[in-house]
**Student:** 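First the structure, then my questions, so here it is.
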Amino acid sequence: MDWVSKEINSLKEAGRYVPIRVLESAQGAWVSIEKKKMLNMCSNNYLGLANNEEVKKAAIEAIKEFGVGAGAVRSIAGTNSVHLELEKKVALFKHMGSSLVYQGGLLANTGTIPSIVGKEDIVFSEELNHASIIDGVRLSSAKRAVFKHMDMKDLEKQLKEHRNEGKKALIVTDGVFSMDGDIAPLPEIAELGEKYSAMTYVDDAHGEGVLGSHGRGIVDHFNLAGKVDIEMGTFSKAIGSMGGFVAGDEQFVDLLKQRARPFLFSSALNVGDAAAVLKSIEILEKDDSLVKKLWDNSEYLKKSLNDLGFNTGSSKTPITPVIAGDEKKVVGLSRALYSEENVFASPIVYPTVPMGTARIRLMPSAVHSREDLDYAVTAFEKQGKKLGILK
Ligand SMILES: *Cc1c(COP(=O)(O)O)cnc(C)c1O
């Protein structure tokens, strides 16, 4: 096992060893870390639903009635009526025929993709796709053609050159790209799918609860109901809990229940989590004020940072990257924000983003107040000047 310490040391030397911060409180605008109250600017809890009273109550009630564990895999004895209720709700919310709930978003991708393509087939995959899509494609053994980020000319070129190399073809993309906050041109992708007889699959992890009417996601945002074959998402970000799903037509979901390995070989999502998710979606259906507050806050944050001269890149969503380029400066900024300003905002550096585009990714939420955002901006201004990132 000697190699382990060598590996750890080389990560540390390269500045790529990530220390893990430990929260001692619930998720929210302010959290407790190392006994200090810190302004939390890096959770995916976009709408504050992770610590919402109604959502917690729904989970507690479900646990009282059904216990804590699902007891088995879905295909044996782990399917509870709450799972089915949730699957119906997700399909309705998404305007899709049917849906399947998984234990997480990563499992939704790694379970679904190998269930629909195999070694005879080909996948056209966006170059900045999430790791769980990449893993799903690898597990499928399908051939792979990677197209350039947001580049529809390149996608069409790849389709022309390689479509015939697979019996079935699948175009797969993130909906919102998590490092830059830009949005995939889904209408063009759907058209190209149609033109070249390829299935289309969008991972809406950062679009759920954020884009579209009442946070229905990217397909609703572009008015594409019926034009995208498969929509995948997570319940762990804006929805505030845990779990993932895939939505599509009824027969497709039926087939997944026979094939998807996380459905067949890993125990079901706990019923308390399923009940929490159900409540979160009900809250969104009834009332879009949290979604509106999220967007107000993110526009305010971006404008305040831009007015000071910070570069927030090409984001079209609440994801707010503060791009400073230099890796060491960004790591230094994050450290100074943490230790001197009580602002918790993690640095994102190569290889997660291209060399020279290091950044701090800020995640505003509906539970941040204007004062909280001003507090963060003031801290960025002070430390940005100190470190020479701002003139
Ligand atoms: C977070 C994320 C996932 C994984 O979802 P989990 O529910 O956390 O497993 C998948 N895809 C994308 C694009 C994500 O951002």
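Counting from 1, the numbers follow the sequence of the chain as shown.
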**Student:** Is it true that a side-chain atom of Ser140 and a backbone atom of Ala142 form a donor plus acceptor pair closer than 3.5 Å?
**Tutor:**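 Yes; judged by distance alone, with no hydrogens or angles, the pair exists.
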**Student:** Would you check if there is a donor-acceptor pair between the side chains of Tyr375 and Glu341 at a distance under 3.5 Å?
**Tutor:** no
**Student:** Output yes when a side-chain donor or acceptor of Gln103 lies under 3.5 Å from a complementary backbone atom of Ser267, and no otherwise.
**Tutor:** yes
**Student:** Quick check against the 3.5 Å criterion: does Glu327 have a side-chain atom that pairs as donor or acceptor with the backbone of Tyr350?
**Tutor:** yes
**Student:** Would you find a donor on one side and an acceptor on the other, under 3.5 Å apart, between the side chain of Ser334 and the backbone of Val331?
**Tutor:** no
**Student:** Looking at Glu53 and Lys56, is there a salt bridge between them, counting it only when a charged N and a carboxylate O are closer than 4.0 Å?
**Tutor:**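 A salt bridge links Lys56 with Glu53.
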**Student:** Which other residues belong to the hydrophobic cluster containing Ile134, where Ile, Leu, Val, Met, Phe, Trp and Tyr are joined when side-chain heavy atoms lie under 4.5 Å apart, directly or via other members?
**Tutor:** none
**Student:** Under 3.5 Å, which donor-acceptor pairs link side chains of residues 173-184 to any protein atom two or more places apart or in another chain?
**Tutor:**
residue : atom : partner : partner atom : Å
Asp174  : OD1  : His130  : N            : 3.2
Asp180  : OD1  : Arg359  : NH1          : 2.9
Asp182  : OD2  : His149  : NE2          : 2.7

**Student:** Please confirm whether Lys36 makes a cation-pi placement over Tyr338, using NZ or CZ under 6.0 Å from the six-membered ring centre and within 45° of the ring normal.
**Tutor:** yes
**Student:** Applying side chain to side chain contact (heavy atoms under 4.5 Å, CB included), can you list everything that pairs with Ser346, at least two apart in sequence or on another chain?
**Tutor:**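 Partners of Ser346 under the side chain to side chain contact (heavy atoms under 4.5 Å, CB included) test: Cys42.
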**Student:** Report the residue from Phe235, Tyr102, Phe93 that forms a ring-ring contact (aromatic ring centres under 6.0 Å, His included) with Phe245.
**Tutor:** Phe235
**Student:** By ring-ring contact (aromatic ring centres under 6.0 Å, His included), which residues pair with His162, not counting sequence neighbours?
**Tutor:**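 Counting only residues at least two positions away or on another chain, His162 forms no ring-ring contact (aromatic ring centres under 6.0 Å, His included).
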**Student:** With a 4.5 Å heavy-atom cut-off, do Val253 and Val246 have their side chains touching?
**Tutor:**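 No - every pair of side-chain heavy atoms lies 4.5 Å or more apart.
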**Student:** Kindly write out the residues that satisfy side chain to side chain contact (heavy atoms under 4.5 Å, CB included) with Leu264, not counting sequence neighbours, or none if the list is empty.
**Tutor:**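 Checked Leu264 against side chain to side chain contact (heavy atoms under 4.5 Å, CB included); matches are Ser75.
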**Student:** Charged N to carboxylate O under 4.0 angstrom, Asp296 versus Lys292?
**Tutor:**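 Salt bridge flag = no for Lys292 with Asp296.
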**Student:** Could you tell me whether the side chain of Asp154 and the main chain of Lys148 form a donor-acceptor pair under 3.5 Å?
**Tutor:**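 Yes: the side chain of Asp154 pairs with the backbone of Lys148.
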**Student:** I need the minimum non-hydrogen distance between Ala58 and Lys279, along with the two atoms involved.
**Tutor:** CB-CB, 3.7 Å
**Student:** Check whether any side-chain N or O of Asp372 sits under 3.5 Å from a backbone N or O of Ala29 as a donor-acceptor pair, and report yes or no.
**Tutor:**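 It does not hold such a pair.
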**Student:** Would Glu87 and Arg74 pass as an ion pair if we require N to O under 4.0 Å?
**Tutor:**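 A salt bridge is present here (some side-chain N lies under 4.0 Å from a carboxylate O).
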**Student:** Mind checking the CG-CG spacing from Leu211 to Asp204? Nearest 0.5 Å is all I need.
**Tutor:** 6.5 Å
**Student:** Is the shortest distance from a Lys or Arg side-chain nitrogen in Lys94 or Glu231 to a carboxylate oxygen in the other one below 4.0 Å?
**Tutor:**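 A salt bridge is present here (some side-chain N lies under 4.0 Å from a carboxylate O).
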**Student:** Does a side chain donor of either Asn306 or Thr312 reach within less than 3.5 Å of an acceptor in the other side chain?
**Tutor:** yes
**Student:** Has the side chain of Asp307 got a donor or acceptor atom that lies under 3.5 Å from a matching backbone atom of Ser304?
**Tutor:** no
**Student:** Please find the pair of heavy atoms, one from Val343 and one from Met41, that lie closest to each other, and give the distance.
**Tutor:** CG1-CG, 4.2 Å
**Student:** So, Asp135 and Arg138, do they make that salt bridge, N to O below 4.0 Å?
**Tutor:**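 Arg138 and Asp135: salt-bridged.
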**Student:** Under the criterion side-chain contact (heavy atoms from CB on, under 4.5 Å), which of Ile389, Leu301, Leu333 is the partner of Phe380?
**Tutor:** Leu333
**Student:** Determine, for Lys89 against Glu285, whether the closest basic-nitrogen to carboxylate-oxygen distance falls under 4.0 angstrom.
**Tutor:**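 Between Glu285 and Lys89 there is a salt bridge, with a charged N closer than 4.0 Å to a carboxylate O.
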**Student:** Indicate yes or no for a side-chain donor-acceptor contact from Ser10 to the backbone of Glu7 under 3.5 Å, with no hydrogens or angles considered.
**Tutor:**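 Yes; judged by distance alone, with no hydrogens or angles, the pair exists.
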**Student:** When you measure from the side chain of His206 to the backbone N and O of Asn44, does any donor-acceptor pair fall under 3.5 Å?
**Tutor:**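 Flag not set: sc His206 to bb Asn44 has no pair under 3.5 Å.
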**Student:** Can any side-chain N or O of Thr200 pair as donor or acceptor with the backbone N or O of Ile171 at less than 3.5 Å?
**Tutor:**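 Looks like no, no N/O pair under 3.5 Å.
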**Student:** Between Glu61 and Lys57, does any NZ, NE, NH1 or NH2 come within less than 4.0 Å of an OD or OE carboxylate oxygen?
**Tutor:**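 Salt bridge: no.
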**Student:** How does the hydrophobic cluster around Ile323 look, that is, which other residues are in it when side-chain heavy atoms under 4.5 Å mark a link?
**Tutor:** none
